[in-house]
Protein chains: 2
Amino acid sequence: MGRPIRTRRQATLASLAAELGVSRTTVSNAYNRPDQLSPELRKRVLDTARKLGYPGPDPVARSLRTRKAGAIGLLLTENLSYAFRDPAALGVLEGLALACEDAGVGVQLVPARPGEEDVATVHRAGVDGFVVYSVPDDDPHLNAVLQRPVPTVIIDQPVLSGVDRVGPDDAAAMTTLAYHLIGLGHREIGVLCMRLSRDRNDGFSSRERQEKAHYHVQRTRLTTLAQSFEAVGVDWSTVPVVERFEHTVEDGASAARQMLDSNPQVTALICTSDILALGALDEAKRRGLRVPADISITGFDGISDAERAELTTVYQPVRDKGRSAGNLVLDPTRRGTGNPVTQQVITLETELRIGKTSAPPRTAEQHWFGP
Amino acid sequence: MGRPIRTRRQATLASLAAELGVSRTTVSNAYNRPDQLSPELRKRVLDTARKLGYPGPDPVARSLRTRKAGAIGLLLTENLSYAFRDPAALGVLEGLALACEDAGVGVQLVPARPGEEDVATVHRAGVDGFVVYSVPDDDPHLNAVLQRPVPTVIIDQPVLSGVDRVGPDDAAAMTTLAYHLIGLGHREIGVLCMRLSRDRNDGFSSRERQEKAHYHVQRTRLTTLAQSFEAVGVDWSTVPVVERFEHTVEDGASAARQMLDSNPQVTALICTSDILALGALDEAKRRGLRVPADISITGFDGISDAERAELTTVYQPVRDKGRSAGNLVLDPTRRGTGNPVTQQVITLETELRIGKTSAPPRTAEQHWFGP
DNA sequence: ACCCTGAACCGTAACGGTTCAGAAGGAGAT
DNA sequence: ATCTCCTTCTGAACCGTTACGGTTCAGGGT
């Protein structure tokens with residue numbers, strides 16, 4: 001079944017109109033508004049189009065005229081292989097894709113390498129709006145997006161004046177989790193967190209580094225933890241925080257190893273993501289530590305693997321994050337950018353899910369009165 | 001940090017040129033060819049642009065002129081939630097995204113619902129090429145894509161004249177797997193497969209249905225299996241094949257249950273995907289069947305969960321599939337479509353990975369001479 | 001015979017750029 | 001003084017479409 005041979009020059013709506021002896025408008029109508037011309041003429045137009053190998057109106061020219069590209073750009077300044085392996089990121093992508101699919105609009109992954117200074121790809125993307133996810137605060141790509149005169153929604157980022165935002169209340173969620181552990185009696189804690197900045201630092205993280213983290217989410221979770229524990233008298237500068245640049249179960253395990261090797265006294269391991277927590281569980285098992293009897297381990301995100309592992313964690317509706325962002329960026333009543341008056345900030349509900357990986361610590365008291 | 005207030009009408013390259021008293025060419029050059037004008041003038045242009053809130057050349061207008069959209073369309077006629085949960089599909093997407101990222105080109109998920117007859121989204125997508133994956137043979141969207149005068153690469157689909165294709169040699173791979181089991185001595189087999197057509201059929205699948213499957217990959221795997229086992233004297237019409245519409249571990253388990261409830265004699269369960277096989281493993285465990293002592297179970301794809309489970313399976317490089325497709329569709333030496341002369345068919349290597357889920361069956365002989 | 005209406009079709013003007021051949025002007029070589 | 005070349009900038013053509021505000025014409029009502 002051969003497709004029509006490509007003639008020297010592709011047929012256009014105009015050449016087709018000329019061939020037919022009708023106006024271009026009529027040809028356009030044949031495709032876009034069938035009710036505007038007689039069925040016979042329409043058939044003749046379409047037949048001739050086929051004969052001439054005219055593939056129908058050019059999408060780009062149409063977009064220029066109608067001012068609609070029919071796609072939303074997704075900015076994800078993260079290693080792609082990384083994003084595609086992170087269940088939370090995938091959830092966001094899925095939610096966004098679903099919202100866009102409902103609207104008959106595409107989702108375009110805008111190429112933007114982590115270190116890359118060249119933001120041309122952002123400028124060249126023919127999209128009707130942007131959704132930004134998992135980008136460090138000072139990323140040049142983010143700035144380039146904000147320059148574009150299209151609606152933009154940011155996920156999990158600090159609120160920027162005039163820019164819509166979708167995300168959970170990380171601080172509140174982390175506080176709840178912290179008080180769950182505090183209530184159980186934990187005071188000797190260790191923290192495993194994801195990368196805090198673009199520079200690699202696999203190991204302990206100073207308090208200054210925590211506070212200056214470029215990744216908003218991680219920064220919030222850590223500073224909130226600090227506040228909660230300091231409120232009950234824990235000196236945060238004595239709390240070990242191990243950072244990992246890569247976000248894999250294996251890195252979670254190695255981080256836990258590093259932590260426990262040098263801080264065997266910790267009774268609870270708080271991880272800023274479920275992936276890291278799953279790794280920590282592996283490492284605990286490897287060491288023969290019983291969870292939660294010997295050590296409590298908590299995660300963050302509520303991915304399905306965590307549920308399977310009955311991990312104590314904070315569930316956040318990642319799919320809804322993507323979907324809300326999509327609905328917001330597509331909302332026709334909110335065309336135009338940077339209007340502070342109509343700025344929307346959607347805060348999603350989170351839920352502390354207490355699994356089987358958290359319990360009271362084996363305290364000194366228990367030892368004294370124990371068998 | 002306020003972004004410039006939106007004036008009644010967005011500034012354009014022309015209005016900027018007028019303001020500056022220079023030609024549009026000069027403004028265009030200020031952005032695209034800095035060497036074509038003096039640094040002073042360029043600075044003046046860019047400064048004035050900022051002042052007027054001109055966001056730089058419009059991407060769509062540029063695309064119209066340059067005939068480049070800067071994006072590749074991905075056609076995936078599958079429930080999105082489904083695709084995002086299938087590790088094989090994700091691998092393809094990741095590979096494609098990586099190849100495109102290297103070229104500074106975006107990947108656009110073209111919205112195309114499974115049942116949807118409306119192919120307008122395909123016609124409206126402003127892309128420089130298409131990659132088609134996991135689409136039934138007769139999908140209208142696929143036809144719409146082939147109509148478009150842009151390069152197209154199909155993954156895992158039967159070879160279409162004039163259309164580039166990337167995929168493994170499913171037939172050869174399945175034959176190897178079949179002979180592995182045949183060599184072990186299995187003759188009583190059962191098969192679990194994914195959906196064969198758009199209509200739902202959760203249950204046993206007739207031979208006719210297998211041969212008429214709209215999903216090329218599944219069809220090939222089944223017919224190849226049939227040929228291999230018939231070659232050693234097995235009557236395929238006696239081989240039970242259980243089909244599942246959804247592709248989840250749970251469905252794999254339920255399929256295995258249905259199979260073993262009515263066919264307890266089978267010594268090997270051949271699954272056309274790892275996901276199904278993982279479910280079958282769960283079900284075997286639930287029944288107290290030892291794998292592989294009591295029953296052999298095999299998968300297909302070689303996803304990472306399968307590796308962890310030490311499943312006997314056929315590994316195929318899903319990431320490379322996506323990457324090859326991307327490189328092919330982007331290849332500048334192969335512009336233009338449907339040129340049968342330059343048609344490329346890339347066949348990827350597969351590898352039989354023998355894990356710990358396949359072993360010889362407990363044959364009648366063994367029973368006779370056993371303890 | 002008149003006016004009016006609706007269906008069918010048309011012409012022009014954008015939409016916002018890029019590109020290419022060449023003009024203007026000055027510097028340096030002969 | 002003339003020629004050549006280079007740098008810098010310009011003018012006009014072109015990309016392929018759709019929006020907009022018409023015109024034309026057959027037929028219905030009175």
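Worth saying up front: this structure is predicted, and the values here are computed from it rather than measured. Scope of the values below: all heavy atoms of this structure, side chains included, with no hydrogens, waters or symmetry mates. Quick note on labels: first sequence line is chain A, next is B, and so on, each numbered from 1.
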Sugar-phosphate only, base, or nothing, as touched by A:T66 at under 4.0 Å among non-hydrogen atoms: sugar-phosphate

Sugar-phosphate only, base, or nothing, as touched by B:R67 at under 4.0 Å among non-hydrogen atoms: sugar-phosphate

Sugar-phosphate, base or nothing in reach of B:V22, heavy atoms under 4.0 Å: sugar-phosphate

base_contact_polar (D:dT17 base, A:R65 side chain, donor-acceptor, <3.5 Å): no

Salt-bridge contact A:D138-A:R198 (side-chain N to carboxylate O under 4.0 Å): yes

Interatomic distance where NZ belongs to B:K68 and P belongs to D:dC15 [whole Å]: 16 Å

Donor-acceptor contact present, side-chain B:Q343 to main-chain B:V163, <3.5 Å: yes

Candidates B:H141, B:H216, B:Q157 - the one meeting side-chain contact (heavy atoms from CB on, under 4.5 Å) with B:V135: B:Q157

D:dT10 phosphate, OP1 or OP2, under 4.0 Å from B:T26 side-chain N/O: yes

Sugar-phosphate, base or nothing in reach of B:R42, heavy atoms under 4.0 Å: nothing

Polar contact flag, side-chain donor to acceptor under 3.5 angstrom, A:N32-A:R62: yes

Could you list the protein-to-nucleotides 5-8 of chain D atom pairs, N/O on both sides, closer than 3.5 Å?
none

Integer-rounded Å distance: C:dG16 P and A:R148 CZ: 13 Å

N/O donor-acceptor pair, side chain A:T25 with base C:dG11, under 3.5 angstrom: yes

Summary of ring-ring contact (aromatic ring centres under 6.0 Å, His included) pairs that have at least one residue in residues 20-76 of chain B, sequence neighbours excluded: B:Y31-B:Y54

Divergence of helical axes at both termini of the helix from C:dA1-D:dT30 to C:dT30-D:dA1 - five pairs an end, 10° steps: 40°

d(CG, A:N32; P, D:dT17) in whole Å: 10 Å

Nearest-angstrom distance from the residue atom CZ of A:R24 to C1' of D:dC20: 14 Å

Length of the line joining B:Y31:OH and C:dG17:C1', which is rounded to integer Å: 13 Å

Lys/Arg N to Asp/Glu carboxylate O, B:D58 vs B:R65, below 4.0 Å: no

Which nucleotide in D:dC9, C:dG11, D:dA19 has an atom nearest any side-chain atom of A:R33: D:dA19

Distance (rounded to the nearest 0.5 Å) between B:T26 OG1 and B:L37 CG: 6.5 Å

Test log, rule side-chain contact (heavy atoms from CB on, under 4.5 Å), inputs B:T77 and B:L75: CA-CA 6 Å; B:T77 313; B:L75 183 66; 4.1 Å; yes

Nearest-neighbour nucleotide for the B:A61 side chain, C:dT18, D:dG16, C:dG17 considered: C:dG17

Which residue lies more 5' along DNA chain C, comparing B:L64 with B:N29 via nearest heavy atoms: B:L64

Atom pair distance, as rounded to whole Å: CG in B:L16 and P in C:dT18: 12 Å

Separation between CG of A:D137 and OG of A:S197, rounded to the nearest 0.5 Å: 9.0 Å

Residues A:R42, A:D47: salt bridge by 4.0 Å N-O rule: no

Gap between atoms CZ and C1', on A:R62 and C:dG16 respectively (whole Å): 18 Å

C:dC10 phosphate, OP1 or OP2, under 4.0 Å from A:S23 side-chain N/O: yes

